[in-house]
Q: 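Quick one: the structure is below, and I'll ask about it shortly.
Throughout, protein chains are lettered first and strands after them, A, B, ... in sequence-line order, and every chain is numbered starting at 1. Heavy-atom basis, side chains included; hydrogens, waters and symmetry copies ignored.
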Amino acid sequence: MRAWEVLDVGGLVTVQDAGRPGLAHLGVPRAGWLDAPAARHAHRLVGNDDRPATRALLEVTLGGLRLRSTASRWVAVTGAACTVSVDGAARAHGRPEWLPAGAELRLGPATTGVRSYLAVAGGLDVEPVLGSRSTDTLAWVGPPLVTAGTVLALGEPAGPPVPVDVPAVVRPGPLRVRPGPRADWFAADALDRLCATSYVAAPASDRVGLRLAADSALERVRPGELASEGMVLGAVQVPPDGRPVVLLADHPTTGGYPVLAVVERDDLARCAQVRPGGAVRFVRVP
Amino acid sequence: MRPATTLLPVGPTALLAEVADAGQALSLALFARAAAVPAVEVVPAATTVLFDGLAGPEDVAAVHRLVALWTPGAPVADGDLVELPTTYDGADLDDVAERWGTDRDGVVARHAGTTFVSAFCGFAPGFAYLDGLAADLAVPRLDTPRTRVPAGSVGLAGAWCGVYPTGSPGGWRLLGRTDAVLWDPARSGGRGDRGPALLAPGTRVRFVPA
């Protein structure tokens, strides 16, 4: 079998593709890569552009990765910056690199950002579950976590690598938000306060949500509980402690905390790359 | 005529419809699906239906038009009927009997005598909120949830009945258990196949004492 054997992982490493949308009514989270532009860039670099949504790659969180390949393949690393080496020799981040059969590929810890993406020509040929190869870390639908000893089958390469390609431009500045469906559960100026507050990404942030902390809490004006309702990607939920959570790909399909605002889709990739302790601000779009 | 439901925007690509109760939410969700609503997700819940994954303003307008055509009040009672063989030996059976002012047999008779309808799923894949118990039979959740509830456990919370599809922590009051497989990702949902969730929204459910 043409495969990767994982020798060591530093942090959370999962298999991801574009996810399994369309099953929220059964309680199944969408899952899928958190930083879509970076993941798609990695796929383009190794020639997986024929069907990038269903080609699977690895999402490597903060800690690094070491693996050995039984087949020669083009690979590419994008997203969070990290060192890349093949049998100890330095290789580039953000470019297709040749990984010969038997060689050891190593990704160092992320130096900026949180999530690096490692794509291989042909993709990772793990068994799809409900139409997707993504691991959902909330309900554990999909392939198991990647750990030392995991063997990942490799798909057949479809096209040649693309050496010249630029990542999508990441827009700097605050996360853009629109008012959410439950803004009336908060004081009239709550959205303004959300946008005027300097937040810090909490260490408990994960694939379910970017959890934020600040000195001041957002106050509700409406007491009681909201009946659980469907949740969207990028919803800014505010639990009773007043600390907002931006829902990411593994979010529960329904939730009982009111949604004050919704982050614009194009800004979600940045939510995936904010390190714990990193600053987060919001701005309202008209 | 006053519209039967309000539609709240949830960002540019989703709309949240507010309705009277879970039965109406299910009714609207099934109506919208049958009419091929241009949404990737149609998610009924307790008093809402979320239409998510709308491609643009045209889809948003289409959902508005479709929801305006929906007539609330039509009860949904023609879904598939699933019978769940159930052993009534749950840890909270006596507690529920006391709350209902009856004994164990009385609880079993009322519970097994009810035809439930799966109103919506949430909490975990395949976990269905089953509607059908009278409001005066509502019971509160446990003050302290159990750290582990085995798969197949049948429980109550409020006037909802639910069956845990997989082992998980949980705060529902347990009446018994079933061996039925509530959640199986390998079931495709194709012709003659139930799909991964045995109790998908709209399914009718009866508990049969084993």
Q: Give, as side chain, backbone, both or neither, the part of A:Pro181 having an atom under 4.5 angstrom from any heavy atom of chain B.
A: both
Q: How many angstroms lie between atom NE2 of A:His25 and atom CG of B:Asp52, to the nearest 0.5 angstrom?
A: 13.5 Å
Q: Examine whether an atom of A:Leu138 lies under 4.5 Å from a heavy atom of chain B, and if so say whether it belongs to the side chain, the backbone or both; otherwise answer neither.
A: neither
Q: Within the structure provided, determine whether B:Pro12 and A:Arg265 are in side-chain contact (heavy-atom separation under 4.5 Å).
A: no
Q: Name the member of B:Ser168, B:Pro9, B:Gly122 that forms the most heavy-atom pairs with chain A at distances under 4.5 Å.
A: B:Pro9
Q: Could you give the distance from CG (B:Leu198) to CG (A:Leu26), rounded to the nearest 0.5 Å?
A: 11.5 Å
Q: Taking every heavy-atom pair that is under 4.5 Å apart, which of A:Pro179, A:Pro29, A:Ala24 has the most such pairs with chain B?
A: A:Ala24
Q: In Å and rounded to the nearest 0.5 Å, what is the CZ to OG distance from B:Phe123 to A:Ser228?
A: 11.0 Å
Q: Name the option with the most non-hydrogen atom pairs under 4.5 Å to chain B; the candidates are A:Val259, A:Val232, A:Val129.
A: A:Val232
Q: Where is the tightest heavy-atom contact between A:Arg182 and B:Thr48, given as atom of each residue plus distance?
A: NH2-CG2, 3.7 Å
Q: What residues of residues 125-147 of chain B make heavy-atom contacts with chain A at a cutoff under 4.5 angstrom?
A: B:Pro125, B:Gly126
Q: Testing the basics here: between B:Ala46 and A:Ala227, what is the closest heavy-atom pair and its distance to 0.1 Å?
A: CB-CB, 3.8 Å
Q: Where on B:Ser118 is there a heavy atom nearer than 4.5 Å to chain A: the side chain, the backbone, both, or neither?
A: neither
Q: What residues, two or more places apart in sequence or in another chain, satisfy ring pair (Phe, Tyr, Trp, His ring centres under 6.0 Å) together with B:Phe51?
A: none
Q: Is B:Ala14 in contact with chain A via its backbone, its side chain, both, or neither, using a 4.5 Å heavy-atom distance?
A: side chain
Q: Between B:Pro165 and chain A, with a heavy-atom cut-off of 4.5 Å, which part of the residue counts as in contact: side chain, backbone, both or neither?
A: neither
Q: Measure the CG-CD distance between B:Leu8 and A:Glu229 for me, rounded to the nearest 0.5 Å.
A: 8.5 Å
Q: Is the number of heavy atoms from other residues, nucleotides or ligands under 6.0 Å of B:Asp179 CG greater than 12?
A: no
Q: How would you list, in number order, the residues of residues 32-44 of chain B that have a heavy atom less than 4.5 Å from chain A?
A: B:Arg33, B:Val40, B:Glu41, B:Val42, B:Val43, B:Pro44
Q: Tell me which pairs pass side-chain hydrogen bond (donor to acceptor under 3.5 Å, both in side chains) where either residue lies in residues 239-257 of chain A, with sequence neighbours left out.
A: A:Arg30-A:His251, A:Thr137-A:Asp250, A:Arg207-A:Asp250
Q: What option among B:Gly11, B:Ala45, B:Ala200, B:Cys121 has the most heavy-atom pairs under 4.5 Å with chain A?
A: B:Cys121
